[in-house]
Amino acid sequence: MTSTRVLFLNDMERLERTLFRLEQGFELQFRLGPTLQGRHVQVHTNYPAEGEKFDRLKFWPLDWINPTGREDDSDKYCKLDLQVAGSYQYYFCAGNEEKTGSGYIVVDPVLRVGADNHVLPLDCIAIQTYLAKCLGPLDEWQDRLRVAKETGYNMIHFTPLQKLGMSRSCYSLADQLELNPEFSTEGKNYTWMDVDNLVEKLKKEWNMVCITDVVYNHTAANSRWLCLHPECGYNLVNSPHLKPAWVLDRALWHLTCDIADGKYSDHGVPAHIENEHQLHMLRGVLLDEIYPRTKLWEFYQVNVEKAVEQFRKLLQAGKVRLENEDKKRLRILPDPHCRRFGNTVDMTSALETFIPNGNEPSSIQECCNWLRNRLEELNVESYKEMHYHEEQATNCIVGNVVYERLADHGPKLGPITRNHPVVCGYFTFPFEDNLTFDQEMQLMSQTDKACHFLAHNGWVMSDDPLRNFAEPGSNVYLRRELICWGDSVKLRYGEKPEDCPYLWAHMKKYTEITAQHFAGVRLDNCHSTPLHVAEYMLERARELKPDLYVVAELFTGSEELDNVFVTRLAITSLIREAMSAGDSHEEGRLVYRFGGEPVGSFVQPSLRPLVPSIAHAMFLDVTHDNECPVQIRSAYDSLPSSAIVSMASCATGSTRGYDELVPHQISVVKEERFYPKWNSEAKPSSAGEVNSQSGIIAGKLALNKLHQELASKGFSQVYVDQVDEDIVAVTRHCPSTHQSVVAVCHTAFRNPKTYQYRQEVPPMCIPGKIEEVVLEARTVERIAGSYQKDRKSINGLPDHTLEIREHIQLHDSKIVKQDDVMCKGRSEFVQEIEFEHLSPGSVIVFRVSLDPKSQELVGVLRRHLVQFSDHYKTGSMPDNNVPAILTTTLAAIMSKVTLADMNVLLFRCDAEEQEDGGGCYNIPSWMSLKYGGLQGLMSVMGDIRPKNDLGHPFCDNLRQGDWMIDYVSNRLVIKGGALGEVGKWFQAMFTYLKCIPRYLVPCYFDSIIVGAYTTALDIVFNKMSNFIQTGSTLVKQLALGSVQMCGVGLHPALPPLAPTLRDVPYRLNGVTNEKEQCCVSLAAGLPHFAAGMVRCWGRDTFMALRGLMLVTGRHLEARNIILAFAGTLRYGLIPNLLGQGTGARYNCRDAVWWWLQCIQDYCNMVPDGVNILMCPVSRMYPTDMSQPQPAGTWIQPLYDVIHEAMTRHIQGTEFRERNAGPQIDRNMTDEGFNVEAKVNEDTGFVYGGNRFNCGTWMDKMGESDKAHNKGIPATPRDGSAVEIVGLCKSTVRWLVDLHTHGFFPYATLTILSDGRNISVPYEEWNRKIQENFEKMFYVSHNLQDPNEKHPDLVHKRGIYKDSYGASSPWCDYQLRPNFAIAMVVAPELFTVERAWEALEMAEKKLLGPLGMKTLDPDDMKYCGVYDNALDSENFNVAKGFNYHQGPEWLWPVGYFLRAKLYFAKKMGPEIYDKTVYLVKNVLSRHNIHFERSSWKGLPELTNENGQYCPFSCETQAWSIATILEVLHDL
């Protein structure tokens, strides 16, 4: 199975400092993040197209793949199949050619070894560093390198093999192209091909990879080619800014000579500086004599007289500038040649700054004096700045003297001499040393001499590694901040090969030689190597060696800065030092940091987001730059620290000498002796020979073998346990076989001979069965004589060796005293280990398996999980006693589960569960899950899994007991039927799960639940419409809202349907044992409107029904809901709160119109949908005064019920709510219970309500006595509400059309007026609304509009009123989002241009991140934060009075976007494209909310600007439905 990683792109996201590591063979997908959805984005990359070579500057566009093939392309992606190692850049543009985001990806190389060319995984690497000069003649290398082979290493790192400079440092190269002649012997001149032959032999016969250093930053000061090409370094000709630093450098050299000659003894500065007083006197000499003599400030000053004279001549010549407002400051131009007093004045700025009062000589003189004074001020400033630099330089010089001559940890150089100067020289001086200081100053102006004064290289403490400290702008050399390498010259590449052709060509050839002969390189001094240089050179190397292994050591002090180097250069591994740890705890932490997942980690999907990585580590117990561990720690610590390192899940290694216990640092500069050779018969005292008895070699061999085995066999999980302050236990675990290897290491950072360690070692509990002791070893002393430093060979401590035993049984161990087997519960098999001789310097390694029973159960469990993923095949075992239920796949079992039952399987919040006598699972130390079904678990595990957060209370609960496990299965089993079968499947799987070690339970529980959940989702989507099945991820997520909201509770929420109606679901009542209907009902929102009386609302149901049921293809269930509500029609209305029909409240004017719209949608969307009009409706209230009638008492076809609803409105309906009073509404005033709904005979508009009630969806009734808003509706919206008029128009138009086609028997409505019947044709009603809508609702730009009744109330023009004829006329003119509903259902009412202008205004004023503001923010009543709990004296907000006065509701966004799409098409393709971008961009925010929501839904509302509102339903039916409808329209 291909591993796929997905990188989401977001606008202006620059990820150059983020590391994304991928393996060859991976697929990388680029997908659009929310900020780019809908925009025309093009992704470009320099990853080579198939069949082409890599060119860093050549980018090509990737093609988009749209899986759905629809306008909703939220799932589209472009991809790369990664087959070539290296660093690759990508960038993307959105709608133009400018980059709007970029980053790098790094593809790891694949290393191969052996005659069969098998892969050496990166985590298998065990590397050993060799100083090449210590290997002797090339024909002796094999004997010396055999030590690495016999010690189990599989990679050798050579320091540079080139000819060395005069300092003899391994990293100061005299000639980068020439093999070190010291490797040749008399009579045999070896070449690079001889090296190649050796490297190839090691690779094929010894299975060893060889890498070497490349040094790009400097060359040896005595490099012959540098004399011929001094332009390759920083000299006083090409870098004149260094002249002041060179002057100081020479002055310090002469100070050295004078101190060495005793000339400063009488000043208190002898040659041998030994105390603070002498340091203080040295500081005085520097500040009082040396700096005044050099006059360095003059290099930064202006020749005042010369500049003033030049200025005077310009003034006399009439070059006066008129004063202007943009007067510039006086500009000083630095001298490009950096001469004393060489800086000049920009005369243009001088003329603009200093303007004479006239042309007479006195005015000119006065003006010149102004300039003189200013220049003298500037010169003083330059003097002060130089004095600041001199003080810093003095501190650095004195600090250097302290380190080199006084500090205990320093080299103690002794007296100052010409060989050991005060400070190291910063520049080469290839001329006679007998010149005076003044004579040397003359050389500075002689180009042929000055070009050979070359700056040395070095490093600067805490400097920015991306800045070149030798370039202009840096004062490092002047301030003496460089820790200098006096044998090396810093190389000056410039920005491109043309800037220094010889150097680039020379180093390119050097790179090619290296790449030709070695599998990889170590970038020496990487953090100081110019990035563009290393980038160029490594590209050349990869042309020759595509799978080049690149390793580096970075000292940037920042992971982010490290990433700059890693990503640009495709560094494979970063060197990490165990010696950086100050104690065993830190050493153990580094193991955990540098690789591996926690033990018991979750299985990650093969397709998942690409997340930032840390660089792959090469973890070394010691590097060749580290101080000697034997000196810093103790010889006894070498083995345990090495074992800790070897247990890391990354590349590991060491430096030659560590394993032999060489008791000093092997200096890369001073060491000239050779490494010992391998001789299995060598005696401990043998000089120049080692074998397995030397030092810790035998232990290292065992550890290296173990390290490679663990990596190759997939022991990818790591656990580090700090047993006590000195003992670290590291576990490596294989997640497929569940074998573990546990290394217990007793470190000895302090010498056991001089430090008293704890005698008692705490016992350890190791879960599982210990199969064997892989090794136990400890460092011991032997009689072999004390250490004497050999003259010819690099020798280690002869009197220390290892006592080691490998592959023994536990009872044969000398370290373990006893072991006890314990069973903690039925599934916890633990061995307690008591140690007897785990002394400092000891290591014991156990191989641990699950006990046989657990092993079998895990294997069987994995076998049953194979149906979900082939990943589980490894480690799986046949089930010899398979339960019957498990012989069938879960997909087959679940295929019988209906969508209604999927509501139980996947969802159901706490209120729904409590209705059944249960509840959602509660985790005592944490919280309850959101759902009783699988989604409740998945929402939590979706957060835990990617982070492997095994310490989460959810995981703790699983480890501690079976409560959650039993909850999942038992909850379903008791349901019986198809759900019961699913429950039995869970029970059977959990039987195995309960009996495996508890630390594995979270992982396998997750695997079972994920498999079941994804199977359920597949079945859900397959039972839905084609639109859902072939839709995008967002479409499918929203479609799940249908399952979430549509279910059947313990008590039927809908009134019974007509008994004669076909295809109605029935069940047996658990109490009465009688047959009852069990139709799906639609919850308004969760968790507040989920169960009981508050579950079903007429308005909410029919605002959501189209999206959640018709779009998803749940036609039969939609029919049943429509007909059930039809049966409750009364007063020409359907209920607001359904209350099963018997407890219905008829207090809303809009629900009936949403119901009628849904019938229209049903007829239009469902095949043969018009048949619903003939369906029988069982009327619960045949008349307004009827008591509730049993099902089947009064039957009517649906078309009659529709006609009745229309007739009652045209006739006019007025009534008082039944049981009016506090028993049904404790806040309503008496007048509010009076309900009215009529049609205006002139306009055809439906109107109704009064100022004491609120009959539309904006139905907040005041509740606060304190604020005096109790009983007052916040938004009465009486009169004609715009959306009701639109819904009415849609219905009337539809009925006219139905009648025309013979599906609706009524052409007219008959009403009683003045005692006689009057006929009102539907067509006439339709025409009246059409003719009057824009006249009455549009707020025209015409100030004299004759239709405008209240021009004084108009505050925005070009919009549509929210209502017409309200009792408070100003409410008509409030900008709200409701007009968009009318636009969607009755677009014929709107003039296109007017509609577009109004929508643009709504977008500008009302559109929020997720929802629409319910009121114009410019309105004085606006308040965007809803707090239903806050009671105050503020009338407008107390007790949530502003529910619909600003908070951003989600469902109106659906209608707004649908309206925009409809009218954008009519505005032309350009506007339509922009609208599609807007729609996709808004929907992407819903997508993000959906993914992040633990409720897996969209909320009812948010506070202003999309802020979370705690009083909102977390997931609301109509919010999900209307967004799904947008995607359906799109």
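Closest heavy-atom contact between Met166 and Ala221: CE-CB, 4.4 Å. When all heavy atoms of Arg479 and Cys396 are compared, the closest pair comes out as O-SG, 3.6 Å. Of all the heavy atoms in Ser573 and Tyr549, the pair that sits closest is OG-OH, 2.8 Å. Across every non-hydrogen atom of Phe183 and Lys133, the tightest pair is CE2-CA, 4.3 Å. Taking every heavy atom of both residues into account, Tyr234 and Leu491 meet most closely at CE1-O, 3.4 Å. Closest approach of His456 to Tyr477, counting heavy atoms only: O-OH, 2.6 Å.
Within the 4.5 Å cutoff, side-chain heavy atoms of Leu590 are placed close to those of Phe619. Counting heavy atoms from C-beta outward, Arg5 and Pro609 have side chains that stay 4.5 Å or more apart. Taking 4.5 Å as the limit, every side-chain heavy atom of Asn46 sits out of range of all side-chain heavy atoms of Lys58. Between Ile513 and Leu177, the closest side-chain pair of non-hydrogen atoms falls below 4.5 Å. Here the side chains of Arg492 and Ser239 are in contact, with some heavy-atom distance below 4.5 Å. Between Arg522 and His157, some side-chain heavy-atom pair lies under the 4.5 Å cut-off. In this structure, the side chains of Leu82 and Leu28 come closer than 4.5 Å at one or more pairs of heavy atoms. By the 4.5 Å heavy-atom criterion applied to side chains, Leu202 and Ile156 are counted as neighbours.
More than 12 heavy atoms of other shown residues, nucleotides or ligands fall within 6.0 angstrom of atom OH in Tyr502. Within a 6.0 Å radius of CZ in Arg467, more than 12 heavy atoms belonging to other residues, nucleotides or ligands are found.
Taking the ring centroids of His506 and Trp225, they lie under the 6.0 Å cut-off. Ring pair Phe92/Phe30: centre-to-centre distance not below 6.0 Å. Checked against a 6.0 Å centroid threshold, the rings of Tyr536 and Trp504 count as neighbours. Taking the six-membered ring for Trp and the full ring otherwise, the centers of His624 and Tyr171 sit less than 6.0 Å from each other.
Counting only distance, with no hydrogens or angles, the side chain of Thr514 and the backbone of Tyr510 share a donor-acceptor pair below 3.5 Å. Side chain of Gln24 to main chain of Asp108: a donor-acceptor pair is present (N/O by atom type, distance under 3.5 Å, no hydrogens or angles). Judged by distance alone, the side chain of Thr652 and the main-chain N or O of Ala126 form no donor-acceptor pair under 3.5 Å. Of the possible donor and acceptor atoms, one in the side chain of His241 sits under 3.5 Å from a partner among the backbone N and O of Ala470. The backbone N or O of Gly165 lies less than 3.5 Å from no partner atom in the side chain of Ser172, so there is not a single donor-acceptor pair. A distance-only check finds no donor-acceptor pair linking the side chain of Asp463 to the backbone of Pro465 [under 3.5 Å]. Checked by atom type and distance alone, the side chain of Ser223 never pairs as donor or acceptor with a backbone atom of Thr219 at under 3.5 Å. Asp524 places no side-chain N or O within donor-acceptor distance of the main-chain N or O of Val215, the cut-off being under 3.5 Å. Judged purely by atom type and a 3.5 angstrom limit, Asp499 uses its side chain to pair as donor or acceptor with the backbone of Glu495. Using modelled atom types, one side-chain atom of Thr159 and one backbone atom of Ala132 make a donor-acceptor pair closer than 3.5 Å.
Defined by atom type and a distance below 3.5 Å, a donor-acceptor pair is missing between the side-chain atoms of Thr35 and Asp11. Side chains of His527 and Asp562: no donor on one and acceptor on the other come within 3.5 Å. There is a side-chain donor-acceptor pair under 3.5 Å between Gln392 and Glu481. In this structure, a donor-acceptor pair under 3.5 Å is absent between the side chains of Tyr300 and Asn343. Tyr216 and Thr511 form a side-chain donor-acceptor contact under 3.5 Å, judged by distance and modelled atom types alone.
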Practice problem: Under the side chain to side chain donor-acceptor pair (under 3.5 Å) rule, what do Asn626 and Glu577 come out as? Steps first, then yes or no, please. | Solution: CA-CA 8 Å; Asn626 290 148; Glu577 302 174 354; 3.1 Å; yes
Quiz prompt | Criterion side chain to side chain contact (heavy atoms under 4.5 Å, CB included) on Leu164 and Leu173, from CA distance to verdict | solution = CA-CA 4 Å; Leu164 301 180; Leu173 309 183; 3.9 Å; yes
Self-check item: From CA spacing to verdict: side chain to side chain contact (heavy atoms under 4.5 Å, CB included), Ser87, Val107
Solution: CA-CA 6 Å; Ser87 164; Val107 183; over 6 Å; no
Quiz item: Does the side chain to side chain contact (heavy atoms under 4.5 Å, CB included) test come out yes or no for Leu22 and Leu610, once each step is laid out?
Solution: CA-CA 9 Å; Leu22 295 134; Leu610 180 64; 3.9 Å; yes
Practice problem: Output, in order, the C-alpha distance, side-chain angles, deciding distance and verdict of side chain to side chain contact (heavy atoms under 4.5 Å, CB included) for Thr344 and Asp335. | Solution: CA-CA 7 Å; Thr344 54; Asp335 178 15; over 6 Å; no
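The aromatic rings of Phe54 and Tyr88 sit perpendicular, their planes meeting at an angle over 60°, well past the 30° parallel limit.
Note on Arg480 versus Asp249: salt bridge recorded, some NZ/NE/NH1/NH2 to OD/OE distance being below 4.0 Å. Using a cutoff of 4.0 Å between basic side-chain nitrogens and carboxylate oxygens, Arg593 and Glu559 are scored as salt-bridged.
Cation-pi contact between Lys243 and Phe453: absent, since separation from the ring centre below 6.0 Å together with deviation from the ring axis within 45° is not met. Judged by the 6.0 Å and 45° rule, Arg339 forms no cation-pi pair with Phe299.
To the nearest 0.5 Å, atoms NZ (Lys509) and CE (Met537) are separated by 13.5 Å. The structure places CG of Asn154 at 7.0 Å from CD1 of Ile125, a figure rounded to the nearest 0.5 Å. With rounding to the nearest 0.5 Å, the separation of OG in Ser382 from CG in Leu296 is 12.5 Å. Annotation: the span from Trp192 atom CH2 to Glu178 atom CD amounts to 9.5 Å, rounded to 0.5 Å. Here the NZ-CZ distance, from Lys545 to Phe518, works out to 9.5 Å after rounding to the nearest 0.5 Å. Distance SG/Cys93 to CD/Glu98: 8.5 Å, rounded to 0.5 Å.
For the salt bridge (Lys or Arg N to Asp or Glu O under 4.0 Å) with Arg568, the lone residue among Glu539, Glu16, Glu535 that qualifies is Glu535.
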